[in-house]
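Presented below is the structure to which this report refers.
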Amino acid sequence: MIRITLPDDSIREFENPPSGMDIALSISEGFARNCIAMEIDGLLKDLNTSVDKDANVRLLTPKDTESIEILRHSAAHVMAEAILRLYPEARLTIGPVVENGFYYDIDMQSISEEDFPKIEAEIQAIIKEKKPFIRKEMTRNEARERFKDEPYKLEIIDSLEGDIFSLYEQGGFIDLCRGPHLPHTGHIKAIKLMRVSGAYWRADQSRQQLQRIYGTAFFDKKDLKAYLTLLEEARKRDHRKLGVQLDLFSFHDEAPGMPFFHAKGMAVWNALLEYWREAHRDAGYVETKTPIMLNRVLWEKSGHWENYRENMYTSRVDEMEYAIKPMNCPGGMLLFGMKPHSYKDLPHRAGEIGLVHRHEMSGALSGLFRVRAFHQDDAHIFMTPEQIQQEILGVLQLVDRVYATFGLDFHLELSTRPEKSIGSDAQWEQATSGLRSALDAYGKGYQVNEGDGAFYGPKIDIHIKDAIGRTWQCGTIQLDMALPERFDLSYIGKDNEKHRPIMIHRVIYGSIERFFGILTEHFAGKFPLWLAPVQIMLLPMNDDLIPATEALKKELTAEGLRVEVDTRSESLKKKVRDAQLLQIPLMVTIGAKEIETKTFAVRTLDGRVIMGMERSSFLEKVREHIRRRSLSPEIFKD
RNA sequence: GCCAACGUAGCUCAGCUGGCCAGAGCGGCUGACUUGUAAUCAGCGGGUCGGGGGUUCGAAUCCCUUCGUUGGCUCCA
């Protein structure tokens, strides 16, 4: 007698060891049709696994969160089978599930997206056959024999421990796999190949280049459609596209990977920095600036010459070797090291909007998201060990304040000591527990990435979530136990002895260029009033009103507002349309009436028009909206 | 750096199984219209078809090479 406990704590008894399907059938036939896998005492298994002892069993249907991964994993097998049918000489390597889909790395001839339709047709044929996934187990020797013509599979087998290997077979296709899988291929209701790219076997450049074919799969065609719609939405928001449309920035062959910011882009940039300075002043920071080029001696001292050389631009001037800084820290170290410090001066918070250059691989470049020259909103904080918790907490609060201003939610990740690291156990313990207790005190919760810290210290990464749910790592707080040592930094403690300060690097925007790009996509180009490149577009009703409108522009500009006049001899409709397309938050129509009564006819981006607004009240509300850095599109609500 | 795709007017794109003067829409300019909230009409300019080399009677179209862009690998702000 086998007793199966279901999630609702009900118990079902079976004479013989039941499979998941048997259990599902004991509930209802419709439910059973829907089940795709099961969980036995917390372990995911195939639905046809026999439960041979009393156990807690959960039957999975497409609604369960784990199900989609099982589906995609199975989809990867189906894709692999389809490819082998079409390209018998192909050799499979690995085919994991990734966010939003799956891929399979295959050693085969180069293919392109044009080959997708025929592969997809083959996949559909396999799905239609509703082939069951059958699990088999083999010993190491049997597995090696079975895959003797599959060099990559052999290498995988040899790299794994244990003596029993599981394989899954559907139709004539068999693959080494841990499982679990769907009951049969027919459960794959929606599948689509997304793209193909190169990848190296075991991510090693010196090894075989493979074809990585990406696909995605869903239980419902509607879900696939929704996913494709999201991709479409992301494409519409692409900052590279909006950057051209809104005249914000550009790239030129003469400086690949190094953005040029246009006047309108700089308006946004300056608004970002103005806010940054305000927030940092409030948080007790001073601002510094260090040169972008420093000599080799400095970089040898900091360790960059040894560890970061291949990413640095170097130059020889007057027989002296220089490097353009890839990071701001060494300059910051020099500044702190200039004069003695008392414990009473700590913590010392020095911010720097530092321009750094890093020679990224050409293939890594991508719009403003990955560039070779960028500005970091850096800061170096020097403190006593006792101050770690309080200081980190202060940074977290600043992070909170800044991201909230943009309507960005975020989560935190703590990375701890990696295998290769410098510093003593005690130092790491003190540093890590300092970060941990700051995170605990902050109370937002965080994820721990064991062993993911930098070699010179643990760190906290801040991941923001944008308007369409994508996450980006921007801010980071890194504790550095190496540089104060290398630069022999010290402060005089209460005991009148020299002590080594604790130092952190931290950024909040991260790279201003990248943050700019993220914000552009987050807002879909519809920047809030305080950030908008052009805040007000004045629309004269006819050409005779242009001089009067230009005079108004002058007045509004003097108020610190970013204003333009549409002087074209176009219809009002046309001028309104073009201002809308440029996502300008305020359109102010100037007709004879407005001049006469000293009022404004104001239109906001949501299409609402308010006629006859007193100029003083317009100004007051606009100023207040900007001062509060409000995100609301309703500038004249009430 | 590697793999793949792409590069035609300021922008978006057509032409690309080689062959009439390389096209369209938008933008720009000129003129008319003088407009009350998402495209007024007409006319006119504008292109080394990314650069270089080659095949060919003939190349935007085919080949080689180079630069750049995009998607990945990798790396990371």
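Numbers restart at 1 for each chain; the letters A, B, ... are given by sequence-line order, proteins then strands. The figures here come from the full heavy-atom set of this structure, side chains too, leaving out hydrogens, waters and symmetry mates.
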**Report entry** Phosphate-side-chain proximity, A:Lys574 and B:rG27, N/O vs OP1/OP2 below 4.0 Å
**Finding:** yes
Query raised in the report: Is A:Arg212 near enough to B:rC2 that one of its side-chain N or O atoms lies under 4.0 angstrom from OP1 or OP2?
Result: no
Report task. Validate the cation-pi geometry between A:Arg608 and A:Phe636: distance from NZ or CZ to the six-membered ring centre under 6.0 Å, angle to the ring axis within 45°. Result -> no
Report task. Mind calculating the distance between CD (A:Gln245) and P (B:rA38) to the nearest angstrom? Result -> 20 Å
Requested in this report: Under 4.0 Å between any heavy atoms, over every strand shown, what does A:Val356 touch: base, sugar-phosphate, or nothing? Just pick one.
Outcome: nothing
Query raised in the report: According to the Watson-Crick and G-U wobble definitions, with both distances under 3.5 Å, which nucleotide is paired to B:rC21?
Result: none
**Report entry** Contact state string [nucleotides 30-35 of chain B, B base, S sugar-phosphate only, - no protein heavy atom under 4.0 Å]
**Finding:** ---BBB
Query raised in the report: Is a side-chain N or O of A:Asp107 found less than 3.5 angstrom from the main chain of A:Arg91, in a donor-acceptor match?
Result: no
Report task. Report yes if the ring of A:Tyr214 lies under 5.5 Å from the six-membered base ring of B:rG72 with planes under 30°, and no otherwise. Result -> no
**Report entry** Integer-rounded Å distance: B:rU70 P and A:Lys241 NZ
**Finding:** 14 Å
Report task. With a 3.5 angstrom cut-off on both distances, give the Watson-Crick or G-U wobble partner of B:rG1, or none if there isn't one. Result -> B:rC73
Query - N or O in side chain of A:Arg603 less than 4.0 angstrom from B:rA38 OP1/OP2 - result: yes
Query - Derivation of the salt bridge (Lys or Arg N to Asp or Glu O under 4.0 Å) call for A:Glu564 and A:Lys575 - result: CA-CA 12 Å; A:Glu564 287 189 359; A:Lys575 294 178 193 174; over 6 Å; no
Query - side-chain N/O A:Ser366 vs B:rG71 OP1/OP2, d < 4.0 Å - result: yes
Query - B:rA77 phosphate, OP1 or OP2, under 4.0 Å from A:Thr476 side-chain N/O - result: no
**Report entry** Any A:Arg370 side-chain N or O less than 4.0 Å from OP1/OP2 of B:rC75
**Finding:** no
Requested in this report: Give one of base, sugar-phosphate or nothing for A:Gly607, where a contact means two heavy atoms less than 4.0 Å apart.
Outcome: nothing
**Report entry** Protein-nucleotide distance (A:Met613, atom CE; B:rG36, atom C1'), rounded to Å
**Finding:** 16 Å
